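Notes for the one structure printed next.
Since the model is a prediction, treat every value here as computed from it, not as a measurement. For ligands, and for the atoms within them, numbers begin at 1 and follow the listed sequence.
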Amino acid sequence: MSQNREFVVTANWKMHKTVHEALLFMESLAAELALRQEKSGRSLQIFIAAPFTAIYPLASCVQKKGYPFHVGGQNMHEASAGAFTGEISALQLKEAGAHFVLIGHSERRQLFFEDDRVINKKIIKAILEKLQITLCIGETIEERERGETEAVLKRQLLQGLEGVAELSQVMLAYEPVWAIGAGKGAEPADIEKAHAFCRSVLREKWGKVAAEKVVIQYGGSVQPENTSTIIEKPNVDGLLVGGASLKVDSFSEIILRSQEMLAEKK
Ligand code: PGA
């Protein structure tokens, strides 16, 4: 965590939660955080990457009640509209109330065969439509064992962001594929090394000032217990949380531990 960048905690619900469950979660998260407000220090940004069906109800709830959450999608199609059965456009996401979209999650890359070229098209489109994006990158265990981690990250970054003139709508999430849903996250020192490397790639292409502002979240088996050791690293600017974001208890604990550390750093 750094004094110069905002801190972001993102829930990635994947294909979990009905509309009813999503709204219940939001109400109880808001209540839980309000209850423990006095403990919190510098505020952090809370993002919820929801299933498509829950975006509109959640975004309406945020607007009506003034909750401090950003609602977004987990994927989108790169075209404006057309014969793409089962897909969703940037405009449809935005109209539903999405503020951001995850692009290139490893489950999209592996299970739905998205490559850097298509991920790049999605990013260009999302930015054009004024959505904030979180580009997810990370190596597989085989790539790691072959010593290719940095080469993979560099390729995913440079190809994914090709043609992006400036980075103000861009956040990154470093998610080593082998740490996702594994129960044990990557080692904080390895996370810091990967984040610092990503920032150096950004610096080389977009310059120091722009690179220093980019929020780089870590994802992969984040739990309340490993939150503090991961976020104390200077290039970790947030957390992308899957499994532990499905329960209010664990997700709010991750947020509160992050807030406590932000307060200490103040
Ligand atoms: P996990 O998922 O926290 O369950 O490991 C993270 C992600 O896939 O974004």
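If you look at Asn12 next to ligand 1, the close heavy atoms, those under 4.0 Å, all belong to the side chain.
Side-chain atoms of Asn120 come within 3.5 Å of backbone N or O of Glu162 as a donor-acceptor pair.
Considering only non-hydrogen protein atoms, atom 4 (O) of ligand 1 sits nearest to Gly243 N, 2.8 Å. Nearest to atom 7 (C) of ligand 1 among the protein's heavy atoms is Glu175 OE2, 3.1 Å.
Residue contacts with ligand 1 include Gly220, since one or more of its heavy atoms lies under 4.0 Å from the ligand.
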Test ring pair (Phe, Tyr, Trp, His ring centres under 6.0 Å) on Phe47 and Phe69; report intermediate values, then the result.
CA-CA 6 Å; Phe47 283 54; Phe69 306 133; over 10 Å; no
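Here the side chains of Tyr67 and Glu27 are in contact, with some heavy-atom distance below 4.5 Å.
Atom 3 (O) of ligand 1 has its nearest heavy-atom neighbour, among Gly181, Ala179, Gly242, in Gly242.
Ion pairing between a basic and an acidic side chain is recognised when a charged N comes within 4.0 Å of a carboxylate O; Asp115 and Lys121 show no such pairing. For Arg109 and Glu114, the salt-bridge test fails: no basic side-chain N is under 4.0 Å from an acidic carboxylate O.
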